[in-house]
Amino acid sequence: MNHRIILFAIMLCSILICAGCWDQVELNKRAIIVAIGIDKAEQAGEITLTLQSIIPSKLTFPMRGGGSQQGRAVRVVSASGKTVLEALRNYKQQTDNQPYLQENRLLVIGEDLAREGVGPVMDFFIRSPESKTRAWVLVSQGKARDILEWQSEIRQVPADFIDEMLKNRINIAPIAAEDIHQFILKLSSQSSAPTTSGIELVMQKKNLPPEVRIFGTAVFKKDKLAGWLDLEETRGLLWSIHQFDNGILETNLGGDRTRNVALQIIHSGVKIEPTRNKDKIAIKLAISADGNLSEQTGNVKLTDKKTIQSLEQKAAAVIRQEVESTLHKCQLEYNSDVFGFGEEIGRKFPKRWKALQSIWDKEFPRLRIQVVTKVKLKSTGIINDPVLIGG
Amino acid sequence: MFRYIWRKLKIIKMINQLPAIHGETFQLSNPRSLQIPISKILQENFERISSIFHDSPDVVIRKFFIGDGRAEALIINLEGMSEYKLINENIMGSLMRVVGKPGTPKEITIEYLKNSAINLNGIKEITAMEEAVEAVLKGNTAFFMDGSNVALIIKTQTWEHRGVQQPETEINVRGPREGFTETLSVNISQVRRKIKDPNLRIEPIKLGRRTRTEVCVVYIEDIADPKIVAEVWRRLRRIDIDAVLESGYIEELIEDAPLSVFPTVGNTETPDKFAAKVLEGRVGILFDGTPFALTVPYLFVESFQVAEDYYSRSFFTSLLRIIRITALHITIALPALYVAIATFHPNVIPEALLRTISITREGVPFPAFVEALLMGFFYEAFREGVVHMPRSVGQSVSLVGALILGEAAVNAGVISPIMIIIFSLTAVMGFLLPPQTDSATLLRIPILIMGSFFGLFGVLWSYVFVIIHLASIRSFGAPYMSPFMPLTVKDLKDSLIRLPWSMLKTRPRVVDWKGSTRIADGLGSSPPTAKESGDNEL
């Protein structure tokens, strides 16, 4: 019996050591942060942290009614500091509750800061257990604070709107957004460079509030923003980093400009194969895609094998063109290995890579890349014949 | 500190074990030390009886002459407990009228009266005064005759009692509607009617120095483990208590773990459940004066087994079993889990739900822990109020309770709606397992405290502690957590799920000592083959 009591006492003590009530915070004492923006502060060397937090009493539910309709459901407050943590501490001077970062959806980085380098600020977001690494990283054209202050007409919490937009991107738009975890993985890699989507405010009409828009891709060189990829180049990037599942591919059957064909890509595959010819290293980038025909504006009969083959070839050519323009820009203009070629080479030719690694900056723009693309048409939709026959 | 408490407990135990010191008053418990023989002189017996009963108004002492006045006699009985018609017609009537007619011997002996004059079934000769007094107290009639040191006990018991009714607890939709009553003989007959087996043993014992409550140990000789039967008898014989008014008195005195929140002795109000337990090899104990009978050994898994499980089809029963087990966990841990997650680990809550909860928490004056404690206290208080009030008052209590807790408290912003939801779930889930309601209620608060001070770690720790405790207790030699701990694969067929009857071949191993089968092989369902059905041309 005695040893049982001793055992019980030890267990009781263990619970005091292993857990504690010091990190206990009531839910209504927490400020739920849904978006974080980081900008360059006016003082040199400082950053401005902008936090979008929820005001629970302002949130309304259709079923419940309740809540006061007036005013925004979010509060946007900025605070500056030399580090993210210092800025957070300064933020506490302007709020009554404990900031709670686990609900964070967005990390918007202002363009100015991104050009100077995001490395110093990203450390906190992967190191601190308070941070949520599943949040999206976005680079804003202009101040990040402006993005956070934008008010969505659809959602009470604007961060939710942007979050859902990025989550549902797969079927629709070519968006190369990354979350904090993926972003930092590429950031900390020796050769690769991170990419992520840009975000901007667009004026629709005069007198109307602006709308938010995801556009292009921000390409980094190391941790500094090198430049942007436009829509087509973003598609090229997505093809080559294997994120193009379920995208739309448009091509033309030649001749008339109205004879457009749209393919819904249902599956795509990428193979990056480093090849070696003596000391010369080249890359073979093989991209294959399966697609269904979803729309054609012309009147092509798709029961013919030949037509289908020519369609497939034309679609493949489109992919190659898109990928090549991206490669061109990233190699020559930005000199940024966003495709992870360096890592592939390191995997296949580790010895050669050791020598190459230090001069990768010089080597990468000169790297010969052969792009091979292949498209397979799986189905022509519900009908075979075009709507307009003849002509 | 623990050592000190332990020592104190030991001393208390020692004091309890000291032989009880009896007072000067007439005690029935120890017949040997107080044997008073019946006197040959009637007057002496009369005086003695009068002094024992102190002229209680319900004690009827009647002197009369037998037949033609040859001998003086005395009968004693209790008003309201003896059947007057029998006494008037079959005892006094016979003795006064029949005796003395031609053919009676000259010398009237008590032997002659017993054999030829009193035309009643239950009759017994005694020589000690205690026996006479005890018999009278049970409603029998004692008969004394001048010149004889032998008295007769004539069975004339009757009293106002409740008929067999549908029990208030353990209500079945499908299954027998009858329940035990307060009368032991009725209860025994109900069991006998279910089990018509000569091996059914019903062994009586009287417990309670003053109440002399009749208690019967019931088991089937070739199924029940003789070791368990012997253990039951050992524990029952050890009991020296002055009153047994309900089976709960004995339950606490014979249970293995009286300091545990978990019950290790089962109780039931329905003869069908009692019979089923006895048929599984358990030992049942019936009590006079209460419709609640006990069954031992009692395993944890029995809390999930309801009589109706065996009357309805097995698939749905299995689903219900799983629901009951889930409900037990919910009713024990839900408030603790909520408080732990909301205050320590909000990242576990899905994002949208977290917002909903944080809205409902807005403006609530108390921390979640205090809120939960308040709700827990008031819920139990309301329940207690409703259960023990007369039905008409109970309704208004529940109405006020619903209004206060459900509407006003939320609207006034005293309690958050989410806490109301948590406690409603907790309360409703608690009703699914009547045998474990007490233990669940008692465990809820400590686990809540652990959860609110140490987060999920505290909840987990409490759970581990409870499971270790459950694994350590036994009920009459059977491990309480059997068939899970230790694992008895064959007994799993009737635990979390119930297999169809055709597969429940063996009785539970921990209670059934011979491992006998209860159902023949090959009774599983299959459509009859053409040969079996005999006629294949349709």
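Values below: all heavy atoms of this structure, side chains included; hydrogens, waters and symmetry mates excluded. Lettering follows sequence order; numbering is per chain, from 1.
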Determine, for B/Glu351 against A/Lys132, whether the closest basic-nitrogen to carboxylate-oxygen distance falls under 4.0 angstrom.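 Looking at A/Lys132 together with B/Glu351, the answer is yes, because their closest N to O distance falls below 4.0 Å.
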If you define the side chain from C-beta out and look only at heavy atoms, does anything of B/Leu354 sit under 4.5 Å from A/Arg30? no
CD1 (B/Ile349) and CD (A/Gln102) are apart, to the nearest 0.5 Å, by 11.5 Å
In Å, rounded to the nearest 0.5 Å, how long is the span from CD of A/Glu130 to CG of B/Asn347?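 Atom-to-atom, A/Glu130:CD and B/Asn347:CG are 10.5 Å apart.
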Checking side chain to side chain contact (heavy atoms under 4.5 Å, CB included) against B/Ser358, which of A/Ile54, A/Ile32, A/Asn28 comes through? A/Ile32
Side chain to side chain contact (heavy atoms under 4.5 Å, CB included), paired with A/Pro56, selected from B/Arg361, B/Glu362, B/Arg355: B/Glu362
What part of A/Glu26 is in contact with chain B, defined as an atom under 4.5 angstrom from a non-hydrogen atom: side chain, backbone, both or neither?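 Both backbone and side chain.
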For B/His469, does the NE2 atom sit with more than 12 other heavy atoms under 6.0 Å from it, leaving out its own atoms? yes
Does atom CD of A/Glu164 have more than 12 heavy-atom neighbours, drawn from other residues, nucleotides or ligands, at distances under 6.0 Å? yes
